[in-house]
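Note sheet for the following structure.
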There are 2 protein chains.
Amino acid sequence: MDKLDRKILSVLQKNARASLQEVGAVVGLSASPCWGRIKKMEEAGVIEGYTVRLNPLALGLGDTVLVMVTLDSHSDNTLEKFGEVLASIPEVVEAHLVSGEYDYLLRVVVKDTRDYERLLREKLYKIRGIRHSQSSFVLRTLKKADLPLGV
Amino acid sequence: MDKLDRKILSVLQKNARASLQEVGAVVGLSASPCWGRIKKMEEAGVIEGYTVRLNPLALGLGDTVLVMVTLDSHSDNTLEKFGEVLASIPEVVEAHLVSGEYDYLLRVVVKDTRDYERLLREKLYKIRGIRHSQSSFVLRTLKKADLPLGV
DNA sequence: CCTGAAATTCGGGGGGC
DNA sequence: GCCCCCCGAATTTCAGG
C-alpha cells in the first residue's frame with residue numbers, strides 16, 4: 001500500500017470500469033504493473049468488490065429514512081436476533097451498532113412515505129425487543145464522496 | 001426500465017466488472033442487448049457510475065462517526081455556506097439534510113479517535129453557525145446491502 | 001428487440017531490462 | 001520492481017430475423 005496503490009484506488013473509486021491503460025496513464029505506470037497491484041489489493045481484501053452507483057429516484061426509490069433504534073435488552077441473543085431480522089428486510093440497506101443515545105442506526109430506502117408506513121407497520125414494529133425508534137427522513141443530500149485516500 | 005433491466009442492475013450491483021456474457025447468462029439474454037440496455041441506463045442517469053468497494057480498515061481508516069448537527073439559522077445563506085465547507089473536508093464522506101430533532105447527519109471517516117478529535121477541533125468546531133453537534137461512533141456494521149430492486 | 005458474427009479494444013501473462 | 005509484446009477474451013458495431 002504505497003502512494004501509487006492509493007492513486008490507483010482513487011481512480012477506481014471514480015470509475016471502476018476504467019481500463020488498465022487509463023489507470024496507468026493517471027498514476028504514471030503502464031498497464032501491467034497496474035494490473036498486478038490491483039490483483040494484489042483484491043487478494044489482500046483492500047478491494048472488496050466492484051459495484052454500480054445507481055440513482056434511487058430513477059428507480060422509483062424516492063425516500064431514504066434514517067431510523068434510530070433503542071433495544072430493550074442488550075443480551076447477545078437479542079442483538080443477534082435483531083441482526084438476523086434486519087438481514088431479511090431488503091429495504092434496510094445499512095444497519096450499524098452505534099455509541100450514544102440510541103443503539104442502532106438503520107438506513108432504509110423506500111418508494112415513498114406510504115411505502116415506509118407499510119414497512120414500519122408490517123416489519124419494523126413487529127420486531128420484538130425494540131424499546132423505541134425514531135425516523136428521520138433525508139430531505140436533501142449535500143455530499144456523497146469517496147473514501148479519503150489522501151492523494 | 002423493465003424486469004430485465006432491474007435484473008441487469010442487480011447483477012452489476014453485486015459485481016460491476018461482470019462481463020456482458022456473464023450478465024446475459026444470468027438474465028437470459030445474449031451479450032449485445034445487455035450492452036444496449038446498460039448504455040441506455042447510463043444515458044438515462046439510472047446508472048451514475050461504477051465504483052470500487054473498499055475496506056476502510058485495510059486503508060487505515062478505523063473509525064466511522066455519525067455526526068448530528070443543528071444549525072443556528074436556517075437561512076438559505078447559512079445552508080449554502082455549510083454545504084460548501086463540508087464539500088471541502090475530505091473526511092466528511094456524506095452529508096444529509098434531514099427531518100427531525102437535528103438538521104444534518106454527517107458520516108465522517110477517520111483513522112482513529114485521535115484523528116477525529118483533530119478534525120473536530122480544526123475543522124468542524126470552526127464552522128460558523130453550528131448550534132449543537134453530537135457524535136456517534138459506529139461500533140459495528142451489521143448490514144451493508146445493495147438497493148432493493150425487487151428481482 | 002433479439003441473435004449472431006465481424007472488427008476492435010482490452011485483459012492477463014510471459015521474458016527482458 | 002517496470003516496460004513491451006503476444007494471445008485469448010471481452011467489448012462494440014452491424015447485419016439480418
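Chain identifiers are assigned alphabetically (A, B, ...) following the order of the sequence lines, protein sequences preceding nucleic acid strands; residue numbering begins at 1 within each chain.
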Select one nucleotide: of D/dA10, C/dG11, D/dG1, the one nearest the side-chain heavy atoms of A/Arg37.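 Out of D/dA10, C/dG11, D/dG1, the nucleotide with an atom closest to A/Arg37's side chain is D/dG1.
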
Atom CG in A/Asp103, atom OG in A/Ser133: separation rounded to 0.5 Å? 12.0 Å

Reported CZ-to-NZ distance for the pair A/Arg128 and A/Lys81, which is rounded to 0.5 angstrom: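 A/Arg128 CZ to A/Lys81 NZ: 10.0 Å, rounded to 0.5 Å.
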
Per-nucleotide protein contact string for nucleotides 12-17 of chain D (B base, S sugar-phosphate only, - none; heavy atom under 4.0 Å): SB----

[atom1] of [X] versus [atom2] of [N]: gap in Å, rounded?
{"X": "A/Leu29", "N": "C/dG12", "atom1": "CG", "atom2": "C1'", "value": "17 Å"}
{"X": "A/Leu4", "N": "D/dG1", "atom1": "CG", "atom2": "P", "value": "11 Å"}
{"X": "B/Ile8", "N": "C/dC2", "atom1": "CD1", "atom2": "P", "value": "8 Å"}
{"X": "A/Met1", "N": "D/dG1", "atom1": "CE", "atom2": "P", "value": "14 Å"}

By salt bridge (charged side-chain N to carboxylate O under 4.0 Å, His left out), which residues pair with B/Glu91, not counting sequence neighbours?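 Listed in chain order: B/Arg118.
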
Tell me if the aromatic rings of B/Tyr104 and B/Phe82 count as close, with their centers under 6.0 Å from one another. yes

C/dC10, OP1 or OP2 - any side-chain N/O from A/Gln21 closer than 4.0 Å?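 Indeed, a polar side-chain atom of A/Gln21 lies that close.
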
Has B/Ser30 got a side-chain N or O lying under 4.0 Å from the OP1 or OP2 atom of C/dT3?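 For C/dT3, OP1 or OP2 has a side-chain N or O of B/Ser30 closer than 4.0 Å.
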
Between B/Tyr50 and A/Gln13, do the side chains contain an N or O donor and an N or O acceptor separated by less than 3.5 Å?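 Absent: no donor and acceptor within the cut-off.
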
Just grab all the salt bridge (charged side-chain N to carboxylate O under 4.0 Å, His left out) pairs involving residues 3-21 of chain B, residues at least two apart or on different chains. B/Asp5-B/Arg37

